[in-house]
Amino acid sequence: CPEGWRLPTKADWLKLGEHIDNMTGKSTLLPGGSLGFNAQYGGTATYEIIWDHETPPNPVDTVYYFTRLKEEARYLSTTLRPFQNDLRSQFFMGFRKESQGVDIDWSDHDSFFSARCLKND
């Protein structure tokens, strides 16, 4: 984020969630919505590391997979939590085109979401 701005935390998304009806609130986040958030459907991405099987563990490339472009919006937070088997999850806010509700929840840590910067207080 630019100087004077930061990525949101779980607490920031929960605070925004207080102003959103979970079942019908998506419209308040879209362009022209009452909250002025102007969210875009950017989809999500995951990745796979390609390994050299001759001399492991030597990564040779990374392939990114983009999914649900123009179908889903997910915005990351800086809040992570420990999870089973050394995997972690990240907190996010998001929604899907086919649903009116808003998700404020945990997701896999190996997904990439859109970033939304907040102005520092």
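These numbers were taken from a predicted model, which means no experiment stands behind them.
Side-chain rings of Phe112 and Tyr64 approach one another, their centers coming within less than 6.0 Å. Two rings, from Phe91 and Tyr75, have their centers 6.0 Å or more apart.
For the atom pair CH2 of Trp13 and CD1 of Ile20, the computed distance is 8.5 Å after rounding to the nearest 0.5 Å. If you take SG on Cys1 and CZ on Arg116, they are separated by 11.0 Å, rounding to the nearest 0.5 Å.
Residues Phe113 and Ser107 approach most closely at CZ-OG, 3.5 Å, considering heavy atoms. Shown here for Gln40 and Ala73, the closest heavy-atom pair between the two residues is O-CB, 3.4 Å. Shown here for Lys15 and His19, the closest heavy-atom pair between the two residues is O-CD2, 3.3 Å. Among all heavy-atom pairs drawn from Leu118 and Pro8, the shortest one is CD1-CB, 3.6 Å.
Each of Leu76 and Tyr41 belongs to its own hydrophobic cluster when Ile, Leu, Val, Met, Phe, Trp and Tyr are linked at side-chain heavy-atom distances under 4.5 angstrom. Neither Leu7 nor Phe37 shares a network with the other; the hydrophobic side chains, linked directly or stepwise wherever heavy atoms of I, L, V, M, F, W or Y lie under 4.5 Å apart, form separate groups for each.
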Asp103 vs Phe95, test: side chain to side chain contact (heavy atoms under 4.5 Å, CB included). Steps then yes/no. CA-CA 6 Å; Asp103 298 318; Phe95 49 86; 5.7 Å; no
Report the C-alpha distance between Gln90 and Thr78 in whole Å, list the side-chain angles of each, state the deciding distance to 0.1 Å, and finish with yes or no for side chain to side chain contact (heavy atoms under 4.5 Å, CB included). CA-CA 7 Å; Gln90 60 186 327; Thr78 58; over 6 Å; no
Set out, in order, the CA-CA distance, both residues' side-chain angles and the distance that settles side chain to side chain contact (heavy atoms under 4.5 Å, CB included) for Arg6 and Asp12, then state yes or no. CA-CA 11 Å; Arg6 62 181 174 78; Asp12 295 320; 2.6 Å; yes
Pair Arg68-Glu98, salt bridge (charged side-chain N to carboxylate O under 4.0 Å, His left out): steps then yes or no: CA-CA 11 Å; Arg68 301 192 50 80; Glu98 68 270 6; 3.1 Å; yes
Could you go through Leu30 and Lys26, starting from their C-alpha distance and side-chain angles, then the distance that decides it, and tell me whether this counts as side chain to side chain contact (heavy atoms under 4.5 Å, CB included)? CA-CA 7 Å; Leu30 293 172; Lys26 178 178 75 173; 4.2 Å; yes
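At a threshold of 4.5 Å between non-hydrogen side-chain atoms, the residues Val60 and Ile49 do not count as touching. At least one side-chain heavy atom of Thr79 sits under 4.5 Å from a side-chain heavy atom of Trp106. For the pair Ser77/Thr9, no side-chain contact is recorded, criterion being any heavy-atom separation below 4.5 Å from C-beta on.
Partner of Leu16 under the side chain to side chain contact (heavy atoms under 4.5 Å, CB included) criterion, out of Leu35, Val102, Ile104: Leu35 alone.
Between the side chains of Glu48 and Tyr65, at least one donor-acceptor pair of N or O atoms lies under 3.5 Å.
When atom types are taken as modelled, the side chain of Thr28 and the backbone of Gly25 share a donor-acceptor pair closer than 3.5 angstrom.
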